[in-house]
Amino acid sequence: MKELVQQLTAAYGPSGRETEVADLIEKLLKGKVDSFHRDALGNLICEKKGTDKKGKRIMFSAHMDQIGMVVTHIEKEGYLRISGVGGLNVSNLRMRRVKFQNGVQGVMVEQPLKPGETSSLRTCYIDIGAKTAAEAEKLVQVGDMAVYAEPGFDMGEHRLASPAMDDRSACALLVSLMQDLPACADTVIAVFSTQEEVGYRGSTTAAFSVAPDEGIALDVTLCGDQPEDRKLAIDLGEGPAIKIMDARSISNPALVDRLFAAAKRAKVACQREVLPYGGTDAAAMQLSRGGTPVCTVSIPCRNVHSACEIVDLRDIEGAKKVLLAYLMG
Ligand code: CO
Ligand code: ZN
């Protein structure tokens, strides 16, 4: 699992630029599923047919995109002004190394604030070492997207940090699940979705074309176990979380119960998640067609949407066991 997380978090893939991640996942799942399909939004839809003709169609969705920044214009001194692709937080951006798809790297700087001015993306710029706009334009164009360039690293025995744990850690979970899933009664459709960070756009179209009987999103969730933290009942390393509700979806209670029952069979302790904000691909799946029962299985993650998102490998392994127990009855 560790290698999968490392491989997937190293790939470049802000929203709308997920091809490198999709190519990698398709390679990892070759021979493990019955079909691959890429739709117009770039979703990678992997189907493994069930043995029971009357079985359900169960859709899993893990998003491939990560938050990023897009160049809006280039100053005459060669500095790049940016706007967010997904939920960027300025306090996480300062003096961070960033990289573009073509390998160009830079530093995200916040300029000195004028009296009364507050920090925002407008007070930040990327320095790529260019002296003039013309020099900068040889390296980067308006519309190019950057992501955090922080390399991933180990933290102790079980934990890993990287900028793209949201949501590549769940992509690793879904890849590993599909690699090891024995023949099962239900048809399983693993969707690696695009553009989640800008509003679940990929999973919206994927859910329509897949037309599942139930949908399970796989995503990270916030922890409440850091100093002066918000009061959330989620601790890193205490097991995967089964979402009861967030700001964008209320999980189907029967599906939640079945997932907890599977966790019990798998002897994996799961946490109960209520997140007063945020949303996942479950928000899109539930509203597809005539409606779909949904739930999210979450990987606890510290510092979500920063250059150093931290997950615990035991939570990911635990989630895989729960999902295997769920699918194998
Ligand atoms: Co996110
Ligand atoms: Zn996410």
Side-chain angles (χ1 to χ4, degrees), residues 5 8-9 11-18 21-22 25 41-44 59-70 83-93 96 121 145-148 150 152 160-175 190-204 206-207 215-223 230 232 234 236 240-243 245-249 251 273 275-286 294-312 315-316 319:
V5 175
L8 284 159
T9 51
Y12 169 92
S15 306
R17 302 280 184 276
E18 300 91 348
V21 187
I25 293 172
L41 265 69
N43 291 302
L44 174 62
M59 170 171 164
F60 290 97
S61 190
H63 68 90
M64 296 185 287
D65 60 313
Q66 64 190 122
I67 54 163
M69 34 231 119
V70 60
S83 165
V85 182
L88 281 187
N89 174 335
V90 178
S91 63
N92 293 336
L93 287 177
R96 286 293 180 183
L121 292 179
M145 291 181 189
V147 296
Y148 288 122
E150 236 67 36
L160 296 173
S162 139
M165 288 304 178
D166 179 10
D167 192 26
R168 306 286 168 67
S169 58
C171 291
L173 162 63
L174 188 51
V175 165
V191 173
F192 297 90
S193 67
T194 57
Q195 301 192 39
E196 189 271 353
E197 296 290 358
V198 290
Y200 335 109
R201 294 175 193 168
S203 55
T204 300
I216 300 174
L218 305 176
D219 211 326
V220 298
T221 193
L222 311 185
C223 294
R230 357 171 160 65
L232 289 175
I234 300 290
L236 190 65
I242 294 174
K243 194 187 291 279
M245 179 176 167
D246 63 24
R248 294 304 193 93
S249 73
S251 300
E273 178 197 346
L275 187 67
Y277 5 73
T280 70
D281 282 345
M285 289 190 281
Q286 69 173 347
V294 295
C295 186
T296 301
V297 173
S298 303
I299 300 166
C301 182
R302 288 182 185 159
N303 316 325
V304 172
H305 288 190
S306 80
C308 296
E309 300 177 331
I310 306 169
V311 298
D312 190 307
D315 295 334
I316 307 176

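What's counted below: heavy atoms across the whole structure, side chains too, no hydrogens, waters or symmetry copies. Since this is a predicted model, take the numbers as computed values, not measurements. Just follow the structure's listing: the first ligand is 1, and inside any ligand the first atom is 1.
- Among the backbone and side-chain atoms of Glu196, none of the N, O or S atoms lies under 2.8 Å from the Zn ion (ligand 2).
- In this structure, OD2 of Asp219 and NE2 of His63 enclose an angle of 90° at the Zn ion (ligand 2), rounded to 10°.
- Asp281 contributes no side-chain N or O that, together with a main-chain N or O of Ala217, makes up a donor-acceptor pair within less than 3.5 Å.
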Candidate pair Met64 and Leu8, rule side-chain contact (heavy atoms from CB on, under 4.5 Å), full reasoning:
CA-CA 9 Å; Met64 296 185 287; Leu8 284 159; over 6 Å; no
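- Atom CD of Glu196 sits about 3.5 Å away from atom NE2 of His63, to the nearest 0.5 Å.
- Looking only at protein N/O/S atoms, the ones less than 2.8 Å from the Co ion (ligand 1) make 4 in total.
- For the atom pair CG of Leu222 and CZ of Arg302, the computed distance is 12.5 Å after rounding to the nearest 0.5 Å.
- When each of Asp167, Asp246, Thr296 is checked for a side-chain hydrogen bond (donor to acceptor under 3.5 Å, both in side chains) with Thr280, only Thr296 meets the rule.
- Formation of a donor-acceptor pair under 3.5 Å by the Asp65 side chain with backbone atoms of Glu197 is found in this model.
- Taking the Zn ion (ligand 2) as reference, the nearest N/O/S atom within Asp166 carries the name OD1.
- Residues passing the side chain to side chain donor-acceptor pair (under 3.5 Å) test with Ser169, sequence neighbours excluded: none.
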